[in-house]
Amino acid sequence: MKKKYQTNPIINHVREYSSIYLFCTVLFLIGIIFGAILVNSLSYSQKEDLFYFLNEYLGQLSNGELVSSKDIFFHSLTYNSKFIGLIWILGISIIGLPLIVVLLFLKGMVIGFTVGFLVSQMKWSGMLVSFVSVLPQNFIIVPVYLFMTVTAISFSILMIRKLFVKAYHQPFGPQFVQYIITFTLAVLVLSTAALVEGYVTPLLMKGIISFVGS
């Protein structure tokens, strides 16, 4: 049992890059807090406009007038795949290393702003709506983003050592192949999140809207 635990590749990866994981997790949480605080900087008219569009969206959702679950699935998968794809490319570029952490921060800020706005406008109802609309798919998406961010940062550091540290002789080819495989697996996991967002989240939101409206 102990041997199996030690040879688990995911656990080994987290252990090896624990300091980077800690940094990225803290940065992501700061992004969430910053996004929630950013809601308070909006003017009254901006909040009113956003709340109007939110009500329109919730009304269409309750009436079944939104795009199909299939379209939501493909949109979610495409968007998130492009996002981690950009992180993946920045990991190769070396000079894009600072942008990797900026993207993770922005992701946290978007989540924080979304939840913060819903709660500020709808109080406890907003808390329930944000819980079923944001949490289900992001329960999968966020760990993938963190994993890809840490992988891209570690790969970028590997390339820097390869280029500038003469005593560093670790082979580059296998590491690059592993980097490609990691991205492929991440996209596969994101497809699961897209299924949740397309087919599960709308049902949960409809249930919450009916409960809140009753």
Side-chain angles (χ1 to χ4, degrees), residues 21-67 69 71-73 75-87 90 98-150 190 193-194 196-214:
Y21 269 107
L22 178 61
F23 168 76
C24 291
T25 302
V26 172
L27 181 70
F28 181 76
L29 292 175
I30 292 174
I32 292 177
I33 295 171
F34 183 80
I37 295 175
L38 192 62
V39 175
N40 297 324
S41 67
L42 296 176
S43 65
Y44 177 78
S45 60
Q46 289 174 323
K47 290 183 179 179
E48 285 294 303
D49 290 340
L50 287 175
F51 190 58
Y52 170 78
F53 288 116
L54 175 62
N55 278 329
E56 285 290 309
Y57 172 80
L58 295 177
Q60 291 175 355
L61 178 64
S62 62
N63 295 327
E65 298 174 359
L66 291 178
V67 295
S69 296
D71 291 335
I72 296 175
F73 166 80
H75 177 269
S76 173
L77 181 59
T78 302
Y79 171 79
N80 288 306
S81 297
K82 287 180 178 179
F83 198 97
I84 66 168
L86 179 57
I87 292 175
L90 290 172
L99 293 178
I100 295 174
V101 294
V102 170
L103 288 175
L104 183 66
F105 177 83
L106 289 176
K107 176 62 178 178
M109 191 177 70
V110 169
I111 293 176
F113 181 86
T114 302
V115 175
F117 180 77
L118 288 170
V119 173
S120 68
Q121 297 298 306
M122 301 175 65
K123 309 305 177 186
W124 286 108
S125 298
M127 179 69 74
L128 292 174
V129 171
S130 63
F131 184 81
V132 299
S133 63
V134 177
L135 182 61
Q137 62 271 15
N138 279 295
F139 188 74
I140 302 173
I141 293 172
V142 170
V144 173
Y145 275 31
L146 285 172
F147 178 75
M148 280 305 304
T149 299
V150 173
L190 286 176
V196 172
E197 187 171 357
Y199 294 91
V200 178
T201 299
L203 294 177
L204 294 175
M205 289 187 67
K206 286 181 181 179
I208 288 297
I209 292 172
S210 300
F211 173 76
V212 172
S214 60

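The model shown is predicted, which means the values in this text are computed figures rather than measured ones.
Residues that satisfy the side chain to side chain contact (heavy atoms under 4.5 Å, CB included) test with Val142, not counting sequence neighbours, are Phe28, Ile111, Asn138, Leu146. Contacts of Phe131 classified as ring-ring contact (aromatic ring centres under 6.0 Å, His included), with partners at least two apart in sequence or in another chain: none. Ile30 meets the side chain to side chain contact (heavy atoms under 4.5 Å, CB included) test with Val26, Phe105; sequence neighbours excluded. In this structure, the side chain to side chain contact (heavy atoms under 4.5 Å, CB included) partners of Leu50, at least two apart in sequence or on a different chain, are Leu42, Phe113, Phe117. Residues passing the side chain to side chain contact (heavy atoms under 4.5 Å, CB included) test with Leu99 are Leu90, sequence neighbours excluded. In this structure Ser43 satisfies the side chain to side chain donor-acceptor pair (under 3.5 Å) test together with Ser45, Gln46, sequence neighbours excluded.
If you take CG on Leu135 and CD1 on Ile140, they are separated by 10.0 Å, rounding to the nearest 0.5 Å. Between the CZ atom of Phe83 and the CG atom of Leu104 there is a distance of 7.5 Å, given to the nearest 0.5 Å. Taking CE of Met109 as the reference point, atom CD1 of Ile37 lies at 12.0 Å (rounded to 0.5 Å). One finds the NZ atom of Lys107 at 10.0 Å from the CD1 atom of Ile32 (value rounded to the nearest 0.5 Å). Taking OH of Tyr145 as the start and CG of Leu103 as the end, the distance is 9.5 Å to the nearest 0.5 Å. Within the model, atoms CG of Leu128 and OG of Ser133 stand 10.5 Å from one another, a figure rounded to the nearest 0.5 Å.
Annotation for Pro202 and Glu197: closest pair CD-O, 3.2 Å, computed over non-hydrogen atoms. For the residue pair Thr149 and Cys24, the shortest heavy atom distance occurs at CG2-SG, 3.7 Å. For the pair Met148 and Ile84, the tightest heavy-atom approach, listed with the atom from each and the gap, is CG-CB, 4.1 Å. Between Gly198 and Ile72 the shortest heavy-atom distance is CA-CG2, 3.7 Å. Minimum heavy-atom separation, Ser81 to Leu190: N-CD1, 4.1 Å.
Thr201 and Gln137 share a donor-acceptor pair across their side chains, judged by distance under 3.5 Å alone.
Below 30°, between 30° and 60°, or above 60°: for Tyr79 and His75 the angle between ring planes is below 30°, a parallel geometry.
A donor-acceptor pair is defined here as one N or O able to donate and one able to accept, closer than 3.5 Å; such a pair exists between the side chain of Ser130 and the backbone of Met127.
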Report the C-alpha separation of Val101 and Phe23 in whole Å, then their side-chain angles, then the decisive distance to 0.1 Å, and conclude whether the side-chain contact (heavy atoms from CB on, under 4.5 Å) test is met.
-> CA-CA 10 Å; Val101 294; Phe23 168 76; 3.7 Å; yes

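By the neighbour-count criterion of 12 heavy atoms within 6.0 Å, atom OH of Tyr199 is densely surrounded, having more than that number from other residues, nucleotides or ligands.
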